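Since the model is a prediction, treat every value here as computed from it, not as a measurement. Numbers for residues simply follow the sequence, beginning at 1.
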Amino acid sequence: MQADTAQTVLESSTNLSTGYARIAAGLLQGLGVYLLHLAVVSKAWPATSPLLFLPLLMACVLLPVLLISGLGHLQGRKLAAWLALAALAVVAFALHDAWRNAGAPGYAGPEGQVRLPSALVSVFSAAFCFIAHSMVKAGAQDERWLASYATYFETAWKLFIQCAFSAMFVGATWAMLALGSELFMLVKLSFLHTLLGKAWFIAPVMCFAFACAMHITDVRPAIVRGIRTLLLVLMSWLLPVTVLLLGGFLCTLPFTGLDALWKTGHATAVLLGADAMLVVLINAAYQNGEVERSVAPLVRLAARVGAMLLLPVMAIAVYALALRVGDYGWSSDRIIAAACLLVGTFYAVGYAVGYAFGAWRRDAWLPTLATTNVGAACLVLAVLFALFTPLADPARISVNSQMARLESGAVKADKFDYEYLRFEGARYGRAALESLKLAGGPDGPQKRAGAAAALATDYRSWRAPAEMAVAVDISTNLAVWPQGSRLPDGFPLRSWTARNLHGALAPRCLREQGAHCDAFLLDLTGDGKPEVVVVGTELSDSSAVLGEQGGKWEQVGSLPYALAGCAPLLAKLKAGEVRAVAKPMMDLEVGGQRIVANPTRLERTKLCSATPEPLPH
């Protein structure tokens, strides 16, 4: 009895000291975040040096979380060694991100604009740290390099739930402080409202709240385990429905064919999403592999069938990506998709082998799933390290692919998407454009002009994939009104591309073959020459004003989104009940600069109605 009491006191003391250490780590993280924020706001060092600022920022955000989670579970030397290795990986990702984007538009502009880490690097660096940290903690718990699958399962899910609920706790803390601020403002006390606007207060408080939540969830493992069990059981019952839907989809393909699938342009992404969902749900049913008897027979059967469905889904996804690459070459998105397909295929093959060994044995429960999951985790770490270092940089590979297509004649110089190299090829793309400025040969002038124009552009108005550089023939897409009218002389019917459409919300008839719009000839500028008002015929479409400026036709304006597909207004437009009127509200001119003032936007129910609203005076 005395020994039990002494052990309880020792554990309580250890938890208390660990809690203090975690809180201190959280406060230090908050201080670091504040100092970096201060450098960004003041545009001072180290924010002005991306090669230093990005690694500092990534390390300040990710490494304290690993420290807080590792305290109490990893011994001092092991924890220090692991944090050093994690720091090397995070710094390598951040340094490469800063190096590859050096010279990008807006990266370090004349006003000292600060560049943050790219979204992909931020997200996948966090994923890398999560997977590696889970494996390190599990190995330390089992005191061997490769832990048991049950330990991997317990460690990874506990860490996931800890991080998720800690983030929720931070949000709740912010909401509580905001509510308190409003309460004090009711009695004219603004001190808390002022504090919430100060980074030196918010950063430490939020990091302190996260550290406290991580500690509380760590010393209450039973609560975390209960939440995990409930979540997995609920998710497992989605597995039969998912298998039914995916199986139905595969059964329809012999009758519908694959052509409709290829025409979507995003079949690979959808199939990858279906594959990922199926893998997650199969694991929700399998859990740590020791709960087979408690799993409902329907769920167990669905898990086995789902394990076999992964293989045809991945085969179709690989074929879809191969067709896309064959037609348009590699892009950064396709390289990342290929990396995901590699991991997905690993899962599919591993699970299919498990099905083959255990499908007809009542005592088997997908016997290769545990080995496949551990191997896939190691593969993901290797793939992420390759993608976000120079080893397999998607920008480098895609630029080389697009340049090879240009040099081989697979894409003509006048159809080549030079802006892709400028805005999505990182430093490799800009180097390629510099080389194209010196291009010779019969199409040398076109290459030099395209490269020079891309290098002189500071932003990409519409980020389209490389294949969208091919012009769309819209001659059959437009119905011109008044009836019998013709489009103005010189109006292009085959040159509408991303370069003269300002925004992805331009009507689909200008971007896609076979989409239909109504085109109305109206003089909206008062220069005696008509503009072309293009209105989509479907509710999900948009409208645009096309005009000639400097001898070149392009999108010069837009109309309310609610106009497209509005039958009452379209009928009146076609009947000629339309005229150009002066704006109901004049613009402002401030110091010689014109500022457009627009009245409040009308909602669809008001704009698209048979009874017109009177014009405001």
Side-chain angles (χ1 to χ4, degrees), residues 28-66 83-129 199-200 202-203 206-207 331-333 335-336 384-400 418-435 454-460 463:
L28 287 175
Q29 181 188 26
L31 177 62
V33 170
Y34 165 67
L35 292 176
L36 292 176
H37 170 78
L38 190 63
V40 171
V41 172
S42 59
K43 296 180 181 178
W45 184 90
T48 54
S49 176
L51 289 175
L52 178 61
F53 176 71
L54 264 64
L56 282 176
L57 179 60
M58 296 275 287
C60 187
V61 171
L62 295 176
L63 295 184
V65 178
L66 302 183
L83 289 177
L85 288 174
L88 286 176
V90 169
V91 168
F93 293 161
L95 277 175
H96 179 247
D97 188 52
W99 174 80
R100 72 195 291 274
N101 288 312
Y107 190 87
E111 299 180 358
Q113 182 179 355
V114 177
R115 181 65 174 252
L116 298 176
S118 63
L120 280 177
V121 168
S122 302
V123 171
F124 285 111
S125 294
F128 182 94
C129 290
W200 59 263
I202 287 298
M206 295 297 104
C207 293
S331 66
S332 296
D333 292 341
I335 293 167
I336 294 175
L384 289 178
F385 189 82
L387 287 177
F388 297 106
T389 60
L391 293 176
D393 190 328
R396 175 175 60 82
I397 297 173
S398 65
V399 167
N400 291 340
Y418 299 92
E419 289 185 1
Y420 176 84
L421 302 183
R422 168 73 165 138
F423 294 98
E424 299 184 42
R427 67 185 304 127
Y428 311 103
R430 291 184 289 277
L433 288 174
E434 291 292 347
S435 67
L455 287 170
T457 304
D458 292 329
Y459 65 93
R460 194 172 190 180
R463 298 181 64 182

Return yes if some donor-acceptor pair links the side-chain N/O of [X] with the main-chain N/O of [Y] below 3.5 Å, else return no.
{"X": "Asp97", "Y": "Leu54", "result": "no"}
{"X": "Ser49", "Y": "Pro46", "result": "no"}
{"X": "Glu424", "Y": "Ser332", "result": "no"}
{"X": "Arg422", "Y": "Gly429", "result": "no"}
{"X": "Arg427", "Y": "Arg100", "result": "no"}
{"X": "Ser125", "Y": "Ser122", "result": "no"}
{"X": "Arg430", "Y": "Gly425", "result": "no"}

From [X] [atom1] over to [Y] [atom2], what is the distance, rounded to the nearest 0.5 angstrom?
{"X": "Glu434", "Y": "Leu455", "atom1": "CD", "atom2": "CG", "value": "5.0 Å"}
{"X": "His37", "Y": "Leu57", "atom1": "NE2", "atom2": "CG", "value": "12.0 Å"}
{"X": "Trp200", "Y": "Leu38", "atom1": "CH2", "atom2": "CG", "value": "13.0 Å"}
{"X": "Phe385", "Y": "Leu391", "atom1": "CZ", "atom2": "CG", "value": "6.0 Å"}
{"X": "Leu116", "Y": "Leu36", "atom1": "CG", "atom2": "CG", "value": "10.5 Å"}
{"X": "Tyr428", "Y": "Leu421", "atom1": "OH", "atom2": "CG", "value": "14.0 Å"}

What about the rings of Phe128 and Phe93, do their centers lie closer together than 6.0 Å?
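Distance test on ring centres: under 6.0 Å, yes.
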Side chain to side chain, Leu66 and Cys129, heavy atoms closer than 4.5 Å
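Of all side-chain heavy-atom pairs linking Cys129 with Leu66, at least one is under 4.5 Å.
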Can you find a heavy atom in the side chain of Leu120 that is under 4.5 Å from one in the side chain of Ile336?
yes
Apply side-chain contact (heavy atoms from CB on, under 4.5 Å) to the pair His96 and Asp393, showing each step before the final yes or no.
CA-CA 9 Å; His96 179 247; Asp393 190 328; 2.8 Å; yes
Heavy-atom pair with the smallest gap, counting every atom of Val40 and Phe53
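Shortest heavy-atom contact: CG2-CZ, 3.3 Å.
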